[in-house]
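Below, chains carry the letters A, B, ... as their sequence lines are ordered, and counting in each starts from 1. Atoms considered below: every heavy atom in the structure, side chains included; atoms not considered: hydrogens, waters and symmetry mates.
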Amino acid sequence: EAGVVQSPRYKIIEKKQPVAFWCNPISGHNTLYWYLQNLGQGPELLIRYENEEAVDDSQLPKDRFSAERLKGVDSTLKIQPAELGDSAVYLCASSRGGQGDIQYFGAGTRLSVL
Amino acid sequence: GENVEQHPSTLSVQEGDSAVIKCTYSDSASNYFPWYKQELGKRPQLIIDIRSNVGEKKDQRIAVTLNKTAKHFSLHITETQPEDSAVYFCALRNQGGKLIFGQGTELSVKP
């Protein structure tokens, strides 16, 4: 079975520009997660979806970050405008059903804001 | 709030030796404790996990132990090989279902 697919793998933008990341979870996985991973640290949850509903977005900086999962499958995470401190790896993960299952991660998008 | 402390931050061992990484936590309601391995530039991959109703789990050269009373859990890798070199993250699932990760341990296995 195909794993979690993310694109792009790398993105370099100038500050104040918008940027979007895309995630395709494992087929049949209802729960989707977006994480932020700073260099030398563990992943930190930004938002969790159960199907198309965002059930935990308490750590998402809503002034500049937004996410959607319109049909309960693919998801996009957007930053507008990007700031220097947003440079990090953005990881997507999915699990089969509910929050009790194993989470499988994508390879991430490495964002560099100049 | 919930917190996971992971030690050491770096660990260097000779090939064939054992490596032990320990994590401590504060939320007694945590019930699921996975360990992820992340090679440079790659995705975190689950290598072993343990649930709160058992104290130890083993999978070939990898084992995890859990002490719920003392609120700590550890990863044990025996007969280390150069390909075990990576960053290892412990994590726990809190009462709200959220995974909280440790800070990571960079393991280096020298041939």
Side-chain angles (χ1 to χ4, degrees), chain A residues 2-11 21 23-26 29-50 53-60 88-112, chain B residues 1-11 21-25 27 29-53 57 59 64 73 75 86-108:
Chain A
V4 177
V5 179
Q6 289 188 247
S7 68
R9 286 298 318 277
Y10 306 93
K11 189 73 177 177
F21 315 124
C23 173
N24 180 236
I26 293 173
H29 281 196
N30 297 323
T31 309
L32 183 145
Y33 313 77
W34 282 103
Y35 286 88
L36 166 72
Q37 186 175 28
N38 286 306
L39 187 64
Q41 297 182 25
E44 298 174 37
L45 182 69
L46 290 172
I47 189 168
R48 171 167 63 95
Y49 282 93
E50 297 286 351
E53 182 182 359
V55 296
D56 183 355
D57 62 355
S58 57
Q59 301 304 310
L60 190 72
V89 175
Y90 292 83
L91 292 164
C92 179
S94 71
S95 63
R96 185 169 298 279
Q99 57 206 18
D101 292 317
I102 295 169
Q103 293 186 26
Y104 296 89
F105 282 84
T109 296
R110 181 177 296 277
L111 174 67
S112 295
Chain B
E2 59 269 331
N3 192 30
V4 182
E5 294 290 330
Q6 183 172 345
H7 297 282
S9 57
T10 60
L11 179 58
I21 303 169
K22 183 176 179 179
C23 288
T24 59
Y25 62 98
D27 183 3
S30 302
N31 58 12
Y32 173 65
F33 306 86
W35 284 88
Y36 283 84
K37 175 184 180 182
Q38 188 174 30
E39 297 177 26
L40 189 63
K42 297 189 176 180
R43 70 189 70 200
Q45 288 192 301
L46 180 74
I47 54 171
I48 196 167
D49 58 9
I50 192 168
R51 300 186 189 269
S52 58
N53 56 345
K57 184 176 178 181
D59 182 5
V64 57
F73 56 112
L75 178 71
V87 178
Y88 292 80
F89 292 98
C90 66
L92 60 79
R93 186 173 61 216
N94 70 1
Q95 197 169 12
K98 181 177 171 180
L99 268 189
I100 310 296
F101 285 83
Q103 300 86 350
T105 296
E106 184 175 0
L107 174 64
S108 175

When heavy-atom pairs shorter than 4.5 Å are enumerated against chain B, which of G108(A), A93(A), G42(A) gives the highest number? G42(A)

Can you name the nearest heavy-atom pair linking K42(B) to Q38(B), along with the distance? O-NE2, 3.0 Å

With a sphere of 6.0 Å drawn around CD of Q103(B), does it hold more than 12 non-hydrogen atoms of other residues, nucleotides or ligands? yes

Give me the ring orientation class for F21(A) and W34(A): parallel if the planes are under 30° apart, tilted from 30 to 60°, perpendicular past 60°. tilted

Examine whether an atom of Q37(A) lies under 4.5 Å from a heavy atom of chain B, and if so say whether it belongs to the side chain, the backbone or both; otherwise answer neither. side chain

Side chain, backbone, both or neither: which part of P34(B) has a non-hydrogen atom closer than 4.5 Å to chain A? neither

Step by step, work out the side-chain contact (heavy atoms from CB on, under 4.5 Å) result for L32(A) and C92(A). CA-CA 7 Å; L32(A) 183 145; C92(A) 179; 3.9 Å; yes

Applying a strict 4.5 Å limit to non-hydrogen atoms, the region of N31(B) in contact with chain A is neither

